[in-house]
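Just below is one structure, and these are the notes that go with it.
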2 protein chains.
Amino acid sequence: MTPPSKQPASPKQAVRRRARLDALLDPDLLKVLAEPTRARLLSCLLKCGRPCSVTEIAECCSIDFSVVSRHLATMARAGILDADKQGRTVWYAADGDALAEHFRDLADAIDELRPDDDACASGACGC
Amino acid sequence: MTPPSKQPASPKQAVRRRARLDALLDPDLLKVLAEPTRARLLSCLLKCGRPCSVTEIAECCSIDFSVVSRHLATMARAGILDADKQGRTVWYAADGDALAEHFRDLADAIDELRPDDDACASGACGC
DNA sequence: TGCTTGGTGGCGTCATGGTGCAAGTATAGT
DNA sequence: ACTATACTTGCACCATGACGCCACCAAGCA
């Protein structure tokens with residue numbers, strides 16, 4: 001019933017600990033990225049390096065038009081894409097810098113947690 | 001019909017371009033992280049900084065036992081957790097280093113794509 | 001051989017959400 | 001006004017998967 005070696009905190013203490021990680025490990029954002037079709041579209045936009053219209057993207061991915069429209073709107077709502085409507089066409093662009101920064105922050109937040117764990121034992125948190 | 005400004009590649013070229021990003025933006029991994037309950041369990045394990053048993057974790061998160069067991073197994077299968085079965089108890093531990101590294105690689109892969117785009121115009125890819 | 005503990009797996013239920021079609025809206029051009 | 005373009009949205013269908021209950025199995029112990 002005891003862990004294999006002397007270790008920092010019990011899970012009960014750990015859950016109650018508030019950490020930057022909990023904000024960054026945001027299920028809403030990750031869910032948006034976790035859908036294969038959306039990942040393709042995002043990757044395409046990042047590779048492209050310029051704003052693209054819904055039509056352009058739909059053409060090259062052989063996905064139904066309405067599907068692409070919905071996915072791009074979803075990603076824009078999640079803050080992953082910038083949408084710029086000019087006349088009747090909408091230019092979507094991926095904000096690569098912001099996305100990269102988010103992932104780096106996430107990595108940093110994970111590093112912060114490692115065996116510096118006295119903070120953990122103090123039990124100041126809220127999960 | 002033309003983009004608002006002079007820009008690197010067309011989406012048709014972009015999709016065909018093979019990039020490190022496509023491997024790292026793995027929907028299977030992201031889907032595992034995108035589930036709120038799993039995110040809580042993972043965060044708990046990372047904060048804890050030591051291997052925990054299924055029972056321990058289930059106790060502190062007021063979630064049905066079998067649910068926790070399934071989620072931990074799922075994450076282990078995805079490579080996010082290490083599972084170490086000793087006797088009848090299984091010790092799950094989060095590999096924080098690997099996870100942080102993955103996110104940093106992802107960030108780097110995104111950075112790689114920005115307007116250096118001549119690679120993009122060459123059209124050597126496969127989406 | 002039983003009994004308990006720690007965990008897994010099956011099943012039914014339910015909610016979420018991705019997809020394609022078709023209809024609707026809004027903008028631009030003639 | 002008419003038409004074409006560029007999206008958006010409603011709808012029905014379907015697949016996935018999270019959840020809790022319960023039955024099971026496997027390991028340790030008396």
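Each chain gets a letter, A, B and so on, in the order the sequences are listed, and its residues count up from 1.
Residues A/L41 and A/C61 form a side-chain contact, since some pair of their non-hydrogen atoms from C-beta on lies under 4.5 Å apart. Put simply, the side chain of B/L99 reaches to within 4.5 Å of the side chain of B/L42, judged on heavy atoms. Between A/E101 and A/D97 the shortest side-chain heavy-atom distance does not fall below 4.5 Å. The side-chain heavy atoms of B/T37 and B/V68, taken from C-beta on, include no pair separated by under 4.5 Å. Under the 4.5 Å side-chain criterion, counting only non-hydrogen atoms from C-beta, A/Y92 is not in contact with A/K85.
Between A/D26 and A/K31 there is no salt bridge, since no side-chain nitrogen of the basic residue lies less than 4.0 Å from a carboxylate oxygen of the acidic one. Under 4.0 Å is where a charged nitrogen must lie from a carboxylate oxygen, and between B/E35 and B/R40 no such pair does. A salt bridge does not link A/K47 to B/E112: none of the charged side-chain nitrogens sits closer than 4.0 Å to a carboxylate oxygen.
Contacts of A/F103 classified as ring pair (Phe, Tyr, Trp, His ring centres under 6.0 Å), with partners at least two apart in sequence or in another chain: B/F103.
Scanning residues 26-34 of chain A for heavy-atom distances under 4.0 Å to DNA chain D yields an empty list. Within residues 71-82 of chain A, no residue approaches DNA chain D, by heavy-atom distance under 4.0 Å.
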When you compare the protein's N or O atoms with those of nucleotides 28-30 of chain C, which come within less than 3.5 Å of each other, and at what distance?
none

All N/O pairs under 3.5 Å across the protein-nucleotides 20-25 of chain C interface:
residue : atom : partner : partner atom : Å
C/dG20  : N7   : A/R70   : NH2          : 3.3
C/dG20  : O6   : A/R70   : NH1          : 3.4
C/dG20  : O6   : A/R70   : NH2          : 2.7
C/dC21  : N4   : A/S66   : OG           : 3.1

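Atom P of nucleotide D/dT5 and atom CD of A/E56 are separated by 16 Å, given to the nearest angstrom. The distance between atom CH2 of B/W91 and atom C1' of C/dG6, rounded to the nearest whole Å, is 11 Å. Regarding A/K85, its NZ atom lies at a distance of 6 Å from the P atom of C/dT27, rounded to whole Å.
Proximity of B/T37 to the phosphate of D/dC19: a side-chain N or O atom is located under 4.0 Å from OP1 or OP2.
Positionally, the nearest nucleotide of DNA chain C for B/F65 lies more toward the 5' end than for the other of B/F65 and A/R38.
Atom CD in B/E59 sits 11.0 Å away from atom SG in B/C52 (nearest 0.5 Å).
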In residues 69-83 of chain B, what donor-acceptor pairs under 3.5 Å come from side-chain atoms, sequence neighbours left out?
residue : atom : partner : partner atom : Å
B/R70   : NH2  : B/S66   : OG           : 3.4
B/H71   : ND1  : B/R38   : NH1          : 3.2
B/T74   : OG1  : B/R70   : O            : 2.8

